[in-house]
Amino acid sequence: MTEKYSTILNNASTYNIWDGKPFSEGFKRHFYLTKIRDYLETKLIKVLVGQRRVGKSYILRQIINYLFLEKKVPPQNIFYLNKEYLIFDEIKSSIDLEHLFTLFKKKYAHQGKMYIFLDEVQNIDGWEKFVNSYSQDYTSEFELFVTGSNSNILSGELSTLLSGRFVEIEIFPFSYTEFISFKNSDANKSSYLEYLKTGGLPELFFIEKEEVHRHYVDSLKNTIILRDIAGRHTIKDLPLLEEIFKFLIVNIGNLTSFSSIVKYFKSKQKKTNYETISSYVGYLRDTFILHQVERFQIRGKQSLGGEYKYYLNDLAFKNYLFGFFPSDVGYNLENQIYIQLKQMGFQVSVGKLDNLEIDFVAQKPDKTVYVQVAYLLNSPKVIEREFGNLLSVKDNHEKVVISLDDVRFSDYEGIRHLQPWKLKLL
């Protein structure tokens, strides 16, 4: 048994910095590094969640380099395990992880505080027992960082165990700001339209051929469906799951209910029911590939159930799998504004005021912003609709209309017009 863990530990040195050589860290995600640094040197467990392939592992390696190169933490005080790597395939449970980590401590004879990094931790059964144990160990100092590609990794028992002792940070694909920084482009309409077309999956920016882009995105979609969903849940109808995903992509930004999805498939002679649709949509949401957005009754200040809107975590899933056409620009823009607001730390819902709809109600503890999104303000009817809906909201919170117009228009009765490449000004 000890020999098995010794072999794993020896192989693990390739994926750690124990030899004193820092990681190759790729494009620096400064936005997230700054946020995470605010929680360094605390007992809080840092939990990074997000869809597969959005860069969580790179961010962990960048944190490790920061600790090693700038904070001068000895390399033998840093333990990194990525469950996606084949060498860690036999680390299946918290017991395996404990054996490996104990052997590591004996072999490297560290002194002082230890930093533990566990990547894609949901693939280790009972991992929460290991994390809970070391987070509460008062005999030595440990600081823990974990990542996961499922929104339920902090649900249930673990959430109760770690109540008040963790901080959760959602990692998204490249933001528009990161996109233009990587591309060395200016913030303008041209670069924003390019961003709407390509999406922000980091790996795509290292691939040149369009055909390879499509293959990569399709492969990622299949991995999410087969490994993250079918590998965790009993899926009796895998083609139905794929069709639901396609249906929600085609209906980006449209109010949708589980009942309406059932009716759609029944009209296509595809038998299903409310419970199956609800479960399958929930599984897709858990992987972060889709976001379900509730309606918010502005007058009553309460959430409304029944109907939701859905947005993609990254537009690459739509553009490369189903095509990008001129008629899609407005839907893509709405999708991306939603994601940008989420990246900025807002809780986002769809506003309802009597028979009117406000595209987004973006809320923070100290701030609320009402947002309307339009492709172009190119007619009196469109201008009246977008600004008029916001004028109907009779409170003093900030109100913004966002469009892809070439020029920024004047404010109207306190409502700002903003181009999406300037959204960071909110």
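No side-chain donor-acceptor contact under 3.5 Å links Q122 and N150. Between S303 and E294, the side chains place a donor N or O and an acceptor N or O closer than 3.5 Å (distance only, hydrogens not considered). Between the side chains of S149 and E120, at least one donor N or O sits under 3.5 Å from an acceptor N or O. Between the side chains of E84 and N123, at least one donor N or O lies within less than 3.5 Å of an accepting N or O. For the 3.5 Å distance criterion, the side chains of Y5 and D96 qualify, holding a donor opposite an acceptor. Looking only at atom types and distance, the side chain of E98 has a donor-acceptor partner in the side chain of Y134 under 3.5 Å away. Using modelled atom types and a 3.5 Å distance limit, the side chains of K236 and T276 yield no donor-acceptor pair. Side-chain contact annotation: S135 with R165, donor-acceptor N/O pair under 3.5 Å present. Neither side chain, T7 nor N10, offers a donor N or O lying under 3.5 Å from an acceptor on the other. Between the side chains of D286 and S151, at least one donor-acceptor pair of N or O atoms lies under 3.5 Å. N332 and Q336 form no side-chain donor-acceptor contact under 3.5 Å, judged by distance and modelled atom types alone.
Residue-environment remark: CG (D366) exceeds the threshold of 12 foreign heavy atoms within 6.0 Å. Taking a 6.0 Å sphere around NE2 of H233, one finds it holds more than 12 heavy atoms contributed by other residues, nucleotides or ligands. Within 6.0 Å of atom CZ in F247, more than 12 heavy atoms from other residues, nucleotides or ligands are found, so the atom counts as buried in its surroundings. For OH of Y80, the number of neighbouring non-hydrogen atoms (other residues, nucleotides, ligands) closer than 6.0 Å is greater than 12. Atom NZ of K270 is surrounded by more than 12 heavy atoms from other residues, nucleotides or ligands within 6.0 Å. Counting heavy atoms of neighbouring residues, nucleotides and ligands inside a 6.0 Å radius, atom CD of Q347 does not exceed 12 of them. Heavy-atom neighbours of I95 CD1 from other residues, nucleotides or ligands within 6.0 Å: at or below the threshold of 12. The local environment of NZ in K43 is crowded, with over 12 non-hydrogen atoms from other residues, nucleotides or ligands closer than 6.0 Å.
H397 contributes atom NE2, which lies 13.5 Å from atom CG of L390 (distance to the nearest 0.5 angstrom). Rounded to the nearest 0.5 Å, atoms CD1 (I229) and OG (S279) are 11.5 Å apart. Note: I8 CD1 to E90 CD = 5.0 Å, rounded to the nearest 0.5 Å. In this structure, L241 CG and I225 CD1 are separated by 5.0 Å, a value rounded to the nearest 0.5 Å. In this structure, CD1 on I63 lies 9.0 Å from CZ on R37, to the nearest 0.5 angstrom. Rounding to the nearest 0.5 Å gives a distance of 10.0 Å between CG of L404 and CG of L377.
Remark: the backbone N or O of T256 is not paired with any side-chain donor or acceptor of S260 at under 3.5 angstrom. The backbone N or O of P22 sits nowhere less than 3.5 Å from a side-chain atom of N65 that would complete a donor-acceptor pair. Between the side chain of Q419 and the backbone N or O of D406, at least one donor-acceptor pair lies under 3.5 Å. Although no hydrogens or angles enter the test, the distance criterion places no donor-acceptor pair under 3.5 Å between the side chain of R53 and the main chain of P202. Judged by distance alone, with hydrogens and angles left aside, the side-chain atoms of K56 form a donor-acceptor pair with the main-chain N or O of G50 at under 3.5 Å. Counting only distance, with no hydrogens or angles, the side chain of S191 and the backbone of D186 share a donor-acceptor pair below 3.5 Å. Distance alone, capped at 3.5 Å, places no donor-acceptor pair between the Q372 side chain and the V401 backbone. Side chain of K309 to main chain of V350: no donor-acceptor pair is present (N/O by atom type, distance under 3.5 Å, no hydrogens or angles). Remark: the backbone N or O of T147 is not paired with any side-chain donor or acceptor of D119 at under 3.5 angstrom. At least one donor-acceptor pair under 3.5 Å links the side chain of K364 to the backbone N or O of M344.
For D218, the salt bridge (charged side-chain N to carboxylate O under 4.0 Å, His left out) partners two or more places apart in sequence, or in a different chain, are K221.
The aromatic rings of F317 and F245 sit perpendicular, their planes meeting at an angle over 60°, well past the 30° parallel limit. Relative orientation of the Y176 and Y195 rings is tilted, given thresholds of 30° and 60° on the angle between their planes. The aromatic rings of F104 and F101 lie parallel to each other, their planes meeting at an angle below 30°, with 60° marking the opposite boundary. The aromatic rings of H291 and F172 lie parallel to each other, their planes meeting at an angle below 30°, with 60° marking the opposite boundary.
Tested against L81, the residues L100, I116, V121 include a single side-chain contact (heavy atoms from CB on, under 4.5 Å) partner, L100. Test F27, Y216, F182 against F206 for ring pair (Phe, Tyr, Trp, His ring centres under 6.0 Å) and you get one pass: F182. Checked against I224 for a side-chain contact (heavy atoms from CB on, under 4.5 Å), the options D228, N222, L226 give a single hit: D228.
A cation-pi arrangement is absent between K83 and F88 under the rule of less than 6.0 angstrom and at most 45 degrees off the ring axis.
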